[in-house]
Structure formats: structure tokens, C-alpha cells
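Structure record follows, encoded as C-alpha cells.
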Amino acid sequence: MTFSNDKPIYLQMADRLCDEILAGTYKDDDRIPSVREYAVLLEVNTNTAVKAYDELARANIIYNKRGLGYFVTSGAREAILCQRKGEFMCERLPELFRQMQLLGIGIEDIVYAYTALQRPKE
């Protein structure tokens, strides 16, 4: 995984695990990789992975079964979706709309571009 400089690595790791939950890689009550396995996979220090898992546990996205590892909390996917939709609507959309206005891009242009991107490539 390539990390950016705009956000702490442990938060980027937590985001990646949330992405995997959203994508269906891990479902409710599925076991996720151990802290060490995830650290090795992403080539980071184990302490960084511990921080990511602690963050997700505090957010009630994952839970620990002592001696068995970490598991996805029931309803985690819906919680992640709700949180991310809220962030998108409050944080990203206002800037997107500002840029659209500055560039003279109308909603019909966005619909056209979105539709074009959704067509299967031949």
C-alpha cells in the first residue's frame, strides 16, 4: 500500500480495512487478519497496526475475542456507509460544487460524465 502524507498511516490503514468491509471482503462477524499479519501485508510497524485496530475498535467497527483475534462488528458496513456518506456530503460536496461553479460545470455535465463512465467498455 502506498501511503500519503496528508493523514497518519494508522488512519489510512483503518480506512483501508473499512474499504475492505464496504467491498464485502469481510462481512459481519468475519475474522480479519491479525495485527501482525496486517502489519506485514502493508509493510508497516506492528505498533502502527495496533493503533489502526484500536481506532476501529473504539469506533465499534471491529471487536476482539481474546485469544481468537479481531472480528467485524455486526452492522459495521452500515455504520461505515453512514459515516462516510455524512463526511462526503458535508466536507467534499461543498468544495466540489464550488469548483463546478468556478469552472462553469453544470449538473447535466456531471450526469453525462457519470453515465459515460458507467457504460461497459467494449
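Numbers here are sequence positions counted from 1.
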Donor-acceptor contacts, no H, no angles, side chain residues 45-57, under 3.5 Å, sequence neighbours left out:
unit_1	atom_1	unit_2	atom_2	d
N45	OD1	N47	N	2.6
Y53	OH	P33	O	2.5
E55	OE1	R58	NH2	2.9

Does any part of the side chain of V72, heavy atoms only, come nearer than 4.5 Å to the side chain of K27, both counted from C-beta? no
Can you pull the side-chain hydrogen bond (donor to acceptor under 3.5 Å, both in side chains) pairs that have at least one residue in residues 102-114, sequence neighbours excluded? none
Nearest-0.5 Å distance that lies between atom OH in Y70 and atom CD1 in I32: 8.0 Å
Is there a path of hydrophobic side-chain contacts, each under 4.5 Å between heavy atoms of I/L/V/M/F/W/Y residues, joining M13 to V40? no
Can you list the residues that meet the side-chain contact (heavy atoms from CB on, under 4.5 Å) rule with F88, with sequence neighbours excluded? R92, L93
Minimum-distance pair of heavy atoms, taken over all atoms of D28 and T73: OD1-O, 3.4 Å
Cluster partners of F71, using ILVMFWY side-chain heavy atoms under 4.5 angstrom, listed by chain and number? Y63, L68
In chain order, what residues pass the salt bridge (charged side-chain N to carboxylate O under 4.0 Å, His left out) check against E95, with sequence neighbours excluded? R98
Linking I/L/V/M/F/W/Y whenever any side-chain heavy atoms sit under 4.5 Å apart, do L11 and L17 land together? no
Which pairs with one or both residues in residues 7-33 pass ring-ring contact (aromatic ring centres under 6.0 Å, His included), sequence neighbours excluded? none
More than 12 non-hydrogen atoms from neighbouring residues, nucleotides or ligands closer than 6.0 Å to CE on M1, yes or no? yes
What pairs with E20 under side chain to side chain donor-acceptor pair (under 3.5 Å), at least two apart in sequence or on another chain? R16, Y38
At what distance, to the nearest 0.5 angstrom, does CD1 of I80 lie from CD of Q83? 8.0 Å
Heavy-atom count check: over 12 atoms from other residues, nucleotides or ligands less than 6.0 Å from E78 CD? yes
Is it true that a side-chain atom of Q12 and a backbone atom of S4 form a donor plus acceptor pair closer than 3.5 Å? yes
Here the gap from I110 atom CD1 to F97 atom CZ, rounded to the nearest 0.5 Å, amounts to 9.0 Å
Tracing side-chain links under 4.5 Å among I, L, V, M, F, W and Y, which residues wind up in one group with L102? none
With N5, which residues qualify under side chain to side chain donor-acceptor pair (under 3.5 Å), at least two apart? none
Which heavy atom of F3 sits nearest to which heavy atom of L42, and what is that distance? CE1-O, 3.9 Å
Using a 3.5 Å distance criterion without hydrogens, assess whether the side chain of T25 forms a donor-acceptor pair with backbone atoms of I21. no
The side-chain contact (heavy atoms from CB on, under 4.5 Å) partners of D19 (sequence neighbours excluded) come to R84
Taking side chain to side chain donor-acceptor pair (under 3.5 Å) as the test, write out the residues that go with K7, two or more places apart. D15
